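First listed ligand is number 1; within each ligand, the first listed atom is number 1. Below, each value reflects all heavy atoms present in this structure, side chains not excepted, and no hydrogens, waters or symmetry copies. Here the structure is a predicted model, which is why all the values come from computation and not from measurement.
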Amino acid sequence: MISSFNGLIAQPGISFQISFTEPQAHYADVEMQISGNKSDFIDLKMPVWAPGSYLVREFAKNVEGFYAKGADNAPLKVQKLDKNTWRIATKGKEGIKAGYRVYAFEISVRTSFIDESHAFLSPTGIFMYVDGLINQPATVSINPHVDWKKISTGLDPVKGKKNTFYAENFDVLYDSPIEVGNQDVFEFEAAGVKHEVAMYGGGNYDKEKLSADMALIIETETDIFKENPNKRYVFIVHNFQNGGGGLEHLNSTVLGASRLGYKSEKSYKGFLGLVAHEYFHLWNVKRLRPQALGPFDYDTENYTTDLWIAEGFTAYYDNLMLRRAEFYSPEKYLEVLCEDIKVVENQPGSKIQPVSESSFDAWIKYYRPNENSKNSTISYYNKGALLGMILDLEILNATKAAKGLDDVMKAMYDEYYIRQKRGYTGDEFKAMAEKIAGISLDNFYRDYVHGTSPLNYNVHLGHAGLNLVNENAGSNVPSLGITASQKEGKLIVSSVTRGGSAWIGGLSVNDEIIAVDGYRVNGTTDALRTTDLDKIIASGKVGDKISVIISRDGLLKTIELTLTPDTNGKFRIEADKNATAEQLAVRKKWLKL
Ligand SMILES: [Zn+2]
């Protein structure tokens, strides 16, 4: 659709020139050239969010010094229409130049960062689009800072033009982050695709080991979908002192890692899990996607109830892929699975917020947590991963281990991405899963997706002859139901657990705990578990009444509390020794025994 242009346009050309005159001050200089304009005005817009990260980030807040001129360099009038829209009065000029600077100093996988060592350009916060021309192609020419030698991006280079790249439309441009600097680049081939790894920030990684391990994950994932849609794929890895997180793109990803984390078993597996997660997204969410997630509206929130599939199932598969590729033993995999179970079961919000609602409200809740989030929300990652597991087990059981969630994912990919070339609706996903399982999933959706019924682990794991054991079940350990942290020698309540002693008795976040039952509580020790408070609570029993002196906003107050049991579970999965042949067949297929 063409909205801003009144007349018909013969393929306007849009090109960007990016340079870095003051990288040390964290700026990118952007110049945009638009040719073939036939309209009296054009509107340039900066996206408000980065797909994959469901929060309005207001990237226009980093823009300054906007200008516009004609091809003859005569200035053109600019009017700001709203927070992220600049209207240029073009007076019918065919060639227009617009420019602006972007301040880039936020380290994350979805925001741009520039300093003298490198520039990471997260495209939705760098490139403006011409309203109505989002489907037009664009070229990007990068003029690196003098000391920078390399550019890593999933964009195709323009032949014969140095440091110039091509995007067939703005969806592709916005899905192609760019790393400019002196990154350590290595390549390997996997699943017939050329993979490039661009390491920024140094680190104790072993390129050969990493290439082999990443290739194994890539082959394992490609095996599910039986096709890898890319010819080339780029991993941009940011190594920091304490890095993490990742963001998926069409033919690239940005990963955060800890510089010295590659030699420790746990942190290395964590990195491989992140690789598995983001790579799995090139199918699940980038191509096989909920209807609302592409083509995107860059101007506002894009709502979907299906992030429990797009993110949650990806989170289920990341560890499962590490199991299938033999990075985890079956026992270790079940242990890792218990981590998700722990998060969901120990979070009171799982009884309040259905996972479909958690997805829809990601913009205002998941990405904007507060002190009460654990009481009122559940993550569509953790619970979605468990629903992936449950659905997998249900399908394996219903088909006598002939089919599983893999078959649903592949069938959905083939039907909606390849054949129909569109996103799926929630009903379409359910229908496909039911078709493959050969059973109704009405209860699964009613109870687990749109409801908050407890997950009946032992029914589902039972299909594989496995049992979930809560080692803390029935324990009567007394608890206050708070977390507290130490600030300037004071012990301050940082969260209150729904239904616990503090919740019922009226202790609040930000209260300073001064004394309990006549004992002064000293907040100056290092670890909370060693504080006097914990010792006092541990020496009581459930049902005991205690008297807590607090300071709230500078006023002293005494609160009477009754100790409640600590309800946090500790979980393990154990095998049923008397499992039937059918159960063993499911277990074998699921855990690749
Ligand atoms: Zn993800």
Does the ring center of Tyr316 lie less than 6.0 Å from the ring center of Trp590? no
Under 2.8 Å: N/O/S of Glu248 next to the Zn ion (ligand 1): no
The test is side-chain hydrogen bond (donor to acceptor under 3.5 Å, both in side chains); show your working for Tyr279 and Asn228 and say whether it passes. CA-CA 11 Å; Tyr279 203 84; Asn228 194 313; 3.0 Å; yes
May I ask you to check whether His118 and Gln183 show a side-chain donor-acceptor distance below 3.5 Å? no
Restricting Glu311 to its N/O/S atoms, the closest one to the Zn ion (ligand 1) is OE1
Identify the residue among Phe225, Tyr424, Phe429 that makes a ring-ring contact (aromatic ring centres under 6.0 Å, His included) with Tyr413. Phe225
For the Zn ion (ligand 1): the N/O/S atom of His281 at shortest distance: NE2
